[in-house]
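The sequence lines fix the lettering, A, B, ..., with proteins before strands; numbering per chain opens at 1.
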Protein chains: 2
Amino acid sequence: MEKSQMRLTYQRKIILEELKNLGNHPTVDEVYLAVKKRLPRISMSTVYRSLEVLSKNGFIKKLEPIDTQKRFDDNVGVHYHFYCLNCGKIKDAPLHESESKEIEEAIKSIEKVIEKRGYKVNGYTLEFWGKCDHCEGGESYGGEKSKK
Amino acid sequence: MEKSQMRLTYQRKIILEELKNLGNHPTVDEVYLAVKKRLPRISMSTVYRSLEVLSKNGFIKKLEPIDTQKRFDDNVGVHYHFYCLNCGKIKDAPLHESESKEIEEAIKSIEKVIEKRGYKVNGYTLEFWGKCDHCEGGESYGGEKSKK
DNA sequence: ATGTAAATGAAAACGATTATTGTTTTTGAA
DNA sequence: TTCAAAAACAATAATCGTTTTCATTTACAT
C-alpha cells in the first residue's frame with residue numbers, strides 16, 4: 001500500500017485503453033492480441049507485468065481464481081467451501097444444513113432475476129476465504145501452500 | 001449420462017480409499033502421493049484419469065475453478081460475474097445495485113455465522129454460470145473458448 | 001481360451017504464468 | 001547537462017499443473 005512510483009508509460013497507457021475497449025473481463029492473451037495491433041513489438045511479459053502493476057495501483061481489478069488446482073471431494077451433498085489463505089486447505093464452511101439451504105434459497109431467487117433478463121443460469125459457485133479455525137485459533141503452523 | 005462400463009480396478013479402489021482417508025478436498029498431487037505409498041508404480045496420469053472417471057460416475061465430486069485464467073476488469077465497483085459456457089465470456093451478472101446489495105447482506109450474515117465458529121472470513125466469491133443473454137437469445141455463435 | 005474394449009505407465013506435449021537475461025528509457029540529484 | 005540508479009522493456013527459458021500419446025497390460029463377455 002505504499003505511495004507508488006509507478007510510471008504510466010506509453011505501453012501501459014495503450015494496455016489500459018485496450019482493456020477498456022475490450023470490456024467484459026478479457027484474459028491476458030486477449031489484451032495482448034489487441035495491444036499487439038498497435039504495438040507490434042510488445043512482449044507478453046510486458047502485458048502480464050503491466051496488468052499486474054495497474055491492478056496493484058487501483059487502475060483495474062484483477063480476477064483470479066482462489067485456487068487453480070483441481071481438487072476432489074468424497075462428500076457429494078450440497079455444501080460450501082472455505083479456502084484458508086494460511087494453510088492452503090479447503091475445508092467445508094462450518095454451516096448447518098438449514099443455513100446452507102437458506103443461502104441457496106436467496107441465491108435461487110437471484111438466479112430467477114438473472115434469467116428474467118435473458119440469461120440461462122445453470123449453477124453458481126460460492127466460496128469463502130480467510131483463515132480456518134485451526135489457523136485462526138492457535139498460532140500459524142506454516143502452511144505449505146499459501147502463496148498470496 | 002450413459003450406463004457406464006467403468007471398471008472399478010484395483011488402482012481405482014485404492015485411489016478412492018485414499019481420497020476418503022485424506023479428507024478435506026485434496027489436490028491430485030496429494031492423492032498421488034498417498035496412493036504411491038501403496039502402489040509405488042502408479043503414474044500421475046492414472047491418478048488424474050481415475051479421479052476424473054470416478055467423478056463422472058458420481059463416486060466423488062470434482063471441484064474445479066470455472067475458469068483458470070487471470071482476467072482483468074476496468075470496473076472497480078462491487079458486482080458479480082457470469083461465466084458463459086457457450087462463448088467463454090465473463091460478463092457482469094445483470095443485477096441492479098440494490099439486488100447486489102441484497103445478496104451481499106445475506107452473505108455477510110452468513111459470514112458472521114462462520115466467524116462465530118472460529119474462522120476469520122476475509123471475503124467470498126460468488127459467480128454464476130450458464131448461457132449469457134447473447135448465446136441464449138439467438139442461436140449459438142460458436143464461442144471459441146467453451147471447453148467443458 | 002480368445003478377442004475386444006478399457007485401463008495402465010512412461011514420456012512428451014501443452015497452455016498459462018513467472019523468472020531471468022541483457023538492453024533501453026526514464027528520473028532526478030550533482 | 002550529465003550521469004548514475006531505478007524502472008521498464010523484449011526476448012527467452014523455466015516452471016507448474018494438466019492432458020495427450022502410445023505401446024503394453026488387464027478385465028471380462030463371448
Side-chain angles (χ1 to χ4, degrees), chain A residues 2-16 18 25-57 59-60 62-72 83 88 90 144-148, chain B residues 2-16 18 25-57 59-60 62-72 83 88 90 144-148:
Chain A
E2 304 118 40
K3 202 67 208 128
S4 85
Q5 63 275 49
M6 184 197 68
R7 293 175 194 165
L8 197 46
T9 62
Y10 183 55
Q11 286 90 332
R12 291 179 181 171
K13 266 182 210 129
I14 307 278
I15 287 170
L16 205 45
E18 290 304 319
H25 327 91
T27 61
V28 179
D29 195 63
E30 286 163 355
V31 176
Y32 171 68
L33 289 175
V35 170
K36 209 185 164 109
K37 286 182 189 156
R38 296 174 60 185
L39 303 176
R41 297 186 43 78
I42 195 139
S43 115
M44 190 56 128
S45 48
T46 300
V47 177
Y48 266 101
R49 262 182 289 118
S50 302
L51 288 169
E52 204 62 44
V53 143
L54 287 166
S55 74
K56 282 214 174 85
N57 287 85
F59 290 86
I60 60 179
K62 175 164 53 158
L63 313 184
E64 62 177 339
I66 300 182
D67 181 70
T68 57
Q69 274 177 268
K70 270 185 186 167
R71 290 169 180 268
F72 292 85
Y83 181 75
I90 292 191
E144 330 80 57
K145 302 228 163 179
S146 51
K147 295 181 290 186
K148 312 195 182 180
Chain B
E2 304 119 38
K3 201 69 206 125
S4 84
Q5 61 276 47
M6 183 195 70
R7 295 178 191 163
L8 197 47
T9 62
Y10 185 54
Q11 286 89 332
R12 290 179 181 173
K13 268 181 208 128
I14 307 279
I15 287 169
L16 206 44
E18 291 304 321
H25 326 92
T27 61
V28 179
D29 195 62
E30 286 162 354
V31 177
Y32 171 69
L33 290 174
V35 170
K36 208 182 164 115
K37 287 182 189 155
R38 297 173 61 187
L39 302 176
R41 296 187 45 77
I42 195 144
S43 113
M44 189 56 125
S45 47
T46 300
V47 179
Y48 265 101
R49 273 177 307 211
S50 301
L51 289 169
E52 203 64 43
V53 142
L54 287 166
S55 75
K56 281 214 175 86
N57 287 86
F59 290 87
I60 60 178
K62 176 165 52 159
L63 313 184
E64 61 177 340
I66 300 183
D67 181 70
T68 57
Q69 275 175 270
K70 266 182 190 168
R71 289 168 182 269
F72 292 85
Y83 181 75
I90 292 191
E144 329 80 58
K145 302 229 158 178
S146 51
K147 295 180 290 185
K148 314 197 178 176

Could you state the atom-to-atom distance from [atom1] of [X] to [atom2] of [N] in whole Å?
X: B:Tyr10; N: C:dG9; atom1: OH; atom2: P; result: 12 Å
X: B:Asp67; N: D:dG17; atom1: CG; atom2: P; result: 18 Å
X: A:Leu54; N: D:dA8; atom1: CG; atom2: P; result: 10 Å
X: A:Asn57; N: D:dA7; atom1: CG; atom2: P; result: 13 Å
X: A:Asp29; N: C:dC14; atom1: CG; atom2: P; result: 16 Å
X: B:Leu63; N: D:dG17; atom1: CG; atom2: C1'; result: 16 Å
X: A:Arg49; N: C:dT18; atom1: CZ; atom2: P; result: 12 Å
X: A:Lys13; N: C:dT25; atom1: NZ; atom2: C1'; result: 14 Å

Side-chain contact check for B:Ser45: nearest option of C:dT8, C:dA10, D:dA10 is C:dA10
A:Gln69, nearest nucleotide to its side chain (from C:dA7, D:dT19, D:dG17) | D:dG17
Any side-chain N or O of [X] below 4.0 angstrom from OP1/OP2 of [N]?
X: B:Lys70; N: C:dT18; value: yes
X: B:Arg12; N: C:dA7; value: yes
X: A:Thr46; N: D:dA10; value: yes
X: B:Tyr48; N: D:dT19; value: no
X: B:Arg41; N: C:dA10; value: yes

Mapping B:Glu52 and B:Thr9 to their closest nucleotides on DNA chain D, which lands nearer the 5' end?
-> B:Glu52
So, for B:Ile15 and B:Leu51, which heavy atoms are closest and what is the spacing to 0.1 Å?
-> CG2-CD2, 3.7 Å
Enter the distance from [X]:[atom1] to [Y]:[atom2] here, rounded to the nearest 0.5 Å.
X: B:Asp29; Y: A:Gln69; atom1: CG; atom2: CD; value: 7.0 Å
X: B:Ile42; Y: B:Ser50; atom1: CD1; atom2: OG; value: 6.0 Å
X: B:Tyr32; Y: B:Thr27; atom1: OH; atom2: OG1; value: 12.5 Å

Going by an N to O cut-off under 4.0 Å, is there a salt bridge joining B:Glu52 and A:Lys70?
-> yes
Nearest-nucleotide check on DNA chain C, A:Val28 vs B:Gln11; residue mapping nearer the 5' end is B:Gln11
Could you check B:Ile42 against B:Arg7 and say which one's nearest nucleotide on DNA chain C is further toward the 5' end?
-> B:Arg7
